[in-house]
Student: 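To start, I am sharing the structure in question, which I have written as structure tokens.
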Amino acid sequence: MSLKCSSLRQPPLPIPPLSLLADKCKSMHQLKQIHAQMIISSRIQDHFAASRLLAFCALSSSGDLSYATRLFNSIQSPNHFMWNTLIRAQASSLNPDKAIFLYMNMRRTGFAPNQHTFTFVLKACSNVRSLNCCKQIHTHVSKSGLDLDLHVVNCLVRCYSVSSDLNNARQVFDEIRNRTLNVWTTMISGYAQSFRANEALMLFDQMLMEGFEPNSVTLASVLSACAQSGCLELGEKVHVFVKMRGFEMGAILGTALVHMYTKNGALAKAKALFDSMPERNIATWNAMISGLASHGHAEEALDLFRKLEKEQIVPNDITFVGVLSACCHAGFIDVGRQIFGSMKRVYGIEPKIEHYGCMVDLLGRCGKVLEAEELIKRMVWKPDVVMWGALLAACKNHGNIEVAERVVKEIIALEPNNHGVYVVLSNMYAEAESMKMQLEILLVQVLFAGLASAADILQNPDFESPPTNLTPNRSTPFVLLNGNNTIPGWTFEGTVQYVTASQTIRLPDNGHAIQLAQDGRINQTFAADGDDLIYILTLTLAPGGQNCSANANLVVSAPDSHGVYSLKQHYGKETWKSYGHYLGRWGQDEPINLVIRSQSTESDDNSTCWPVIDMLLLKTSKTLVQGNDNLLLNGGFEFGPDFLSNSTEGVLLESAPSPIQSALQQWSVIGTVKYIDSKHFYVPKGNAAIEIVSVSAGIQTATTMLTEGSAYNLDFTLGDAKDACEGMFVVRVQAGSLVQNFTVQSLGTGSVIKHSVTFKAGSGSTPISFISYNINQTKDGVFCGPLIDDVVLRASHGFKLQLRLEILIYALVLVAIL
DNA sequence: GTAGGGTTAG
């Protein structure tokens, strides 16, 4: 082996500067020879020389930390520099906690930590994400009087941020008098990494206002915040600034830009940038692959993954989350199985719970319910509710009750108060026409297990369990009930008939129903179950005959609500309709009496079409709380009445003056709108959306959360629900004092456009509304209109921030011209 | 003689 430190071979010529040779060494082999010479020549006693040795072993990429530790231990009284070097090295090692022990040893030995010690030990605290450690070191810093050192306080801000204590981080940051760009960057990235994009961008705005110019490190975090909060325009301005300033498009900055573009749906721009980047790392590939996958471009995502394999770039676990979710979106079951299998075998990556989650979802969607269940059982991790939920949804869609029962037990074991799963299961039983018996079995099992009871679910909600002492007969669709009959689950009064679907009486699922004629009334009492839940009812109305001139009303009442419904025609293809009704909000065990009765609107009862009622669904929801990403509650319309599982009709929502007592939680309803599900309509986001189906109708909400004078963005999606609705619609959007009309060109094929308006909040409450002024009819004569979904309200960082960046860009242009 | 800030998924 060649030895560059060849002068070692010529002792005892004048002793060369061994300490300098240590700095020039390339390997541990060379270093050990110098170490030996130092011992022989007693130079090891020289602290400076020993420090150089230590620095190489501890910090060099070709060093050896355990050798460094042994070397350190052999030194009789190490100085500050030596302690710091070893703490620094351990802080960035795989065991950063060792740095903290060293720091404690150092103090015990009587050494007062200096400013360097604090930066290194705080780095260790950051790497172990220990808030406790951070707080303790903070007190040491304060006592030592080093709390004015910018490096030290920067480390403190970073340490608090990564330990999820943004309040303390901000407090330390606020107390810094002469902030540097690095400190600003630390705080901005702290917010961005904690998914607090709004605060990150507000701070960035303040930074620009105070005259700091960002560098590429700052901008990487700003772009991350732009990606999270949908600020495409601001992100684009950052890109222009990066180009103007001539910042190098390194892997990190480039990845942040690619991610910002994909998150905002600008896939073409993301791909163009990705292709032009001189330098990429695995994160860049991940951002592009996941971006394509999440926007439904599964083929392109997989193509890119194959390109990555071809270029022999090593994927990581995040890459596989993206690739498997692409397979999941597109239903590529074989490719998914093959890639999942290759993770361990080819790349040595142990699949994590996220990867199993993708696979369970993929298998479930493709109907491989048993295989999905097997996969969950094979996992070393404890499956979470989300994963079981995905499997339950698959069971529901593919009608596998056997697996569904096992899944429900698992979910209830994890979340004893999760009642939604019983609803899913009972609906499945109903579909399998074996509900009563199975439900009894389930109830017994649940009671046996001492778990929550399923009593809050309505009994016999679709009247498929026939009244006692009565045999339904299709040739006699109406049978008058008398004192000898009881309807399972219900009590009745007045003129009530049991109805069987026939050629003249159409009913959901072609089953049975109840007609409430003169003074007819049914009621059922159930016990509210769960702490403070909101109850929303879906009820189905059918016409009571063909030869009648006047419709009667149906009155629904519960302790907190009262609603009057009459059958509306031309709002769907079927003669029967489902309506959403807000029932109330109750605490645990409250007895709720649900009463449904008929109400004549005409004096001539003989010509009245008494309403027929069928299929009642009860949905519960917790009180909505505001998330980080939307100042509006229920902006995605996910909290509304339940849908009939086989119905292509949607659920009609009638005027609801109060956003609280509304079946569409948090939204007042004006006129008639249709609540539509993703199973039967095109829904751009989530499982539900709104279609406005009457004239001058729509939805309205209001928020008191806004700061007067501040700018806000309202993003929303308008389009058509793929229900053969053709025409041009005008939707008037109001946000505070801003009113703007949007034209929706509908081909009825499921196309939508995302829109965004910016407005300044006034004092008091800010109204937000969507009103359609015209509707149309499909070829089948069904009223139809524009679709609305995904309404998001956020603080706007567009205006001021973009302006400030623009000023910086103009300044650069000027400098270039001059 | 020693130091600080960054990107990707969920």
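In the text below, chain A, chain B and the rest are named by the order of the sequence lines, each starting its count at 1. Only this structure's heavy atoms are used, side chains among them; waters, hydrogens and symmetry mates stay out.
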Student: Please confirm whether the shortest side-chain N or O distance from A:Lys123 to OP1 or OP2 of B:dG5 is below 4.0 Å.
Tutor: yes

Student: Roughly, in whole Å, what's the span from CZ in A:Phe120 to P in B:dG4?
Tutor: 6 Å

Student: Side chain of A:Leu181 only, please: which of B:dG5, B:dT7, B:dA9 is the nearest?
Tutor: B:dG5

Student: Contact class for A:Ser216 vs. all strands (heavy atom < 4.0 Å): base, sugar-phosphate, or nothing?
Tutor: base

Student: Rounded to whole angstroms, how far apart are CG on A:Leu146 and P on B:dA3?
Tutor: 17 Å

Student: Quiz question: by atom type and distance under 3.5 Å, do the side chains of A:Thr319 and A:Asn316 form a donor-acceptor pair?
Tutor: yes

Student: Reckon A:His259 touches a base, only the sugar-phosphate, or nothing at all at heavy-atom distances under 4.0 Å?
Tutor: sugar-phosphate

Student: Taking the side chain of A:Asn114 as its heavy atoms from C-beta onward, which of B:dT2, B:dA9, B:dG4 lies nearest to it?
Tutor: B:dT2

Student: Check the distance between B:dT7's P and A:Gln193's CD and give it to me in whole angstrom.
Tutor: 4 Å

Student: Less than 3.5 Å between a donor and an acceptor, one on the side chain of A:Ser51 and one on the base of B:dG1, is that the case here?
Tutor: yes

Student: Thinking salt bridges, do A:Arg245 and A:Glu213 make one under a 4.0 Å N-O criterion?
Tutor: yes

Student: Hey, what do you get for A:Cys327 versus A:Cys358: SG atoms under 2.5 Å apart or not?
Tutor: no

Student: Return yes if the base of B:dG5 and the side-chain atoms of A:Asn215 contain a donor-acceptor N/O pair under 3.5 Å, otherwise no.
Tutor: yes

Student: Which heavy atom in A:Ser144 sits nearest to a heavy atom in A:Phe118, and how many Å separate them?
Tutor: OG-CE1, 3.4 Å

Student: So if I take every side-chain heavy atom of A:Ile252 and compare against B:dT7, B:dA3, B:dG5, which nucleotide ends up nearest?
Tutor: B:dT7

Student: Whole Å only: how far is the CD1 atom of A:Ile188 from the P atom of B:dG5?
Tutor: 15 Å

Student: If you check the A:His116 side chain, which of B:dA3, B:dG4, B:dT8 turns out closest?
Tutor: B:dA3

Student: Using a 4.0 Å heavy-atom cut-off, does A:Phe48 contact any base of the nucleic acid, only the sugar-phosphate backbone, or nothing at all?
Tutor: base

Student: Answer yes or no: does a side-chain N or O of A:Ser290 lie under 4.0 Å from OP1 or OP2 of B:dA9?
Tutor: no

Student: Students often get this wrong, so: under 4.0 angstrom with heavy atoms, is A:Arg158 touching a base, only sugar-phosphate, or nothing?
Tutor: sugar-phosphate

Student: Roughly, in whole Å, what's the span from CG in A:Asn182 to P in B:dG6?
Tutor: 10 Å

Student: At 4.0 Å (heavy atoms only), tell me whether A:Asp384 reaches a base, stays on the sugar-phosphate, or touches nothing.
Tutor: nothing

Student: Are A:Asp174 and A:Arg170 ion-paired here, with the side-chain N under 4.0 Å from a carboxylate O?
Tutor: yes

Student: Using the six-membered ring for Trp and the full ring for Phe, Tyr or His, decide whether A:Phe81 stacks on the six-membered base ring of B:dG1 (centres under 5.5 Å, planes under 30°).
Tutor: yes

Student: With sugar-phosphate meaning primed atoms plus P, OP1 and OP2, does A:Thr180 contact a base, only sugar-phosphate, or nothing at under 4.0 Å between heavy atoms?
Tutor: base

Student: Considering every strand and a 4.0 Å limit on heavy-atom distances, what is the contact class for A:Ile289: base, sugar-phosphate, or nothing?
Tutor: nothing

